[in-house]
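From a predicted model like this one, the values you see are computed outputs, not experimental measurements. Note: hydrogens, waters and symmetry copies are ignored here, and every other heavy atom, side chains too, is used. The first residue in the sequence is number 1, and the count goes up from there.
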Amino acid sequence: MNKLHRRTLRSTAAALGALLLLAPAAAQAGTETLIRSVSNVVLGPVEVLMAPWLAGQNLYNNLNSIDDTTAVRVVYAVPGYFWLTTVQGGASLLRTATGFIEFLPGLVVLPLDAELDPLFDPVERGEAMIDIENDWVPIRLGINYTTPPF
């Protein structure tokens, strides 16, 4: 066997060994990060479109839960609506952006038994209008970004 054949054989064996080490095991798969990424990329723009409606709903709930005079409530309503619309829309854009940012790391950890913490936590912990848990992609839509529990 000449020197070129031995080098080629060693390189091929090393490449196959590396592939075997990187191959995912059947029971190990970190899909949560990738699923969260795709969900945020798909549902974030829908929430941007829903921002005016969600802001109106938040404003209504806020005005009914405070103990201010009617005059304060009237004066607060118009600027409050525009402020809440901006906050809801901006947070929805952040949701979409973090979905794009988490996509590549989600692909990297896919064959591993590992997950990454969410970059934008309110999506996971905030109060959502539509919250459908299923086996594939949980659907959380209409998240109120202006009220705790995050």
How long is the span from the CZ atom in Arg36 to the OG1 atom in Thr98, to the nearest 0.5 Å? 8.5 Å
pair Asn144-Gln88: side-chain heavy atoms closer than 4.5 Å: yes
Rounded distance [0.5 Å steps], CD in Gln57 versus CE in Met129: 6.0 Å
Check: Glu133 side chain, Pro138 main-chain N or O, donor-acceptor pair, under 3.5 Å: no
For residues Ile66 and Val78: do they belong to one hydrophobic cluster (side chain heavy atoms under 4.5 Å, members Ile, Leu, Val, Met, Phe, Trp, Tyr)? yes
So, taking the atom named CG in Asn58 and the one named OG1 in Thr146, what distance separates them when rounded to the nearest 0.5 Å? 4.0 Å
Glu115 backbone acceptor or donor facing Glu32 side chain under 3.5 Å: no
With clusters defined by side-chain heavy atoms of hydrophobic residues (ILVMFWY) lying less than 4.5 Å apart, directly or transitively, does Leu93 cluster with Val46? no
Answer with yes or no whether the hydrophobic clustering places Ile139 together with Val41; edges join I, L, V, M, F, W, Y residues whose side-chain heavy atoms lie under 4.5 Å apart. no
Considering only heavy atoms from C-beta outward, does the side chain of Ser39 approach that of Arg95 to under 4.5 Å? yes
Are Glu47 and Leu141 packed together at the side-chain level, in the sense that at least one heavy-atom pair is separated by less than 4.5 angstrom? yes
Under 4.5 Å between any side-chain heavy atoms of Leu43 and Arg140, yes or no? no
Validation row: Asn40, Thr96 side chains within 4.5 angstrom (heavy atoms): no
Does Val42 belong to the same Ile/Leu/Val/Met/Phe/Trp/Tyr cluster as Leu107, with side-chain heavy atoms less than 4.5 Å apart forming each link? yes
Shortest non-hydrogen contact from Asp121 toward Pro118: OD1-CG, 3.9 Å
Report the distance from atom CD1 of Ile143 to atom CZ of Arg125, rounding to the nearest 0.5 Å. 12.0 Å
Note, Leu84 side chain near Asn62 side chain (heavy atom, < 4.5 Å): yes
Starting at CG of Leu104, measure out to OG1 of Thr33 and round the result to the nearest 0.5 Å. 12.0 Å
Please list all pairs meeting ring-ring contact (aromatic ring centres under 6.0 Å, His included) that have one or both residues in residues 75-121, counting only residues at least two apart or in different chains. Phe120-Tyr145
Determine whether Val48 and Leu54 fall in the same hydrophobic cluster, where Ile, Leu, Val, Met, Phe, Trp and Tyr are linked whenever their side-chain heavy atoms lie under 4.5 Å apart. no
Nearest heavy atoms of Gly44 and Ser92, plus distance in Å: O-CB, 3.7 Å
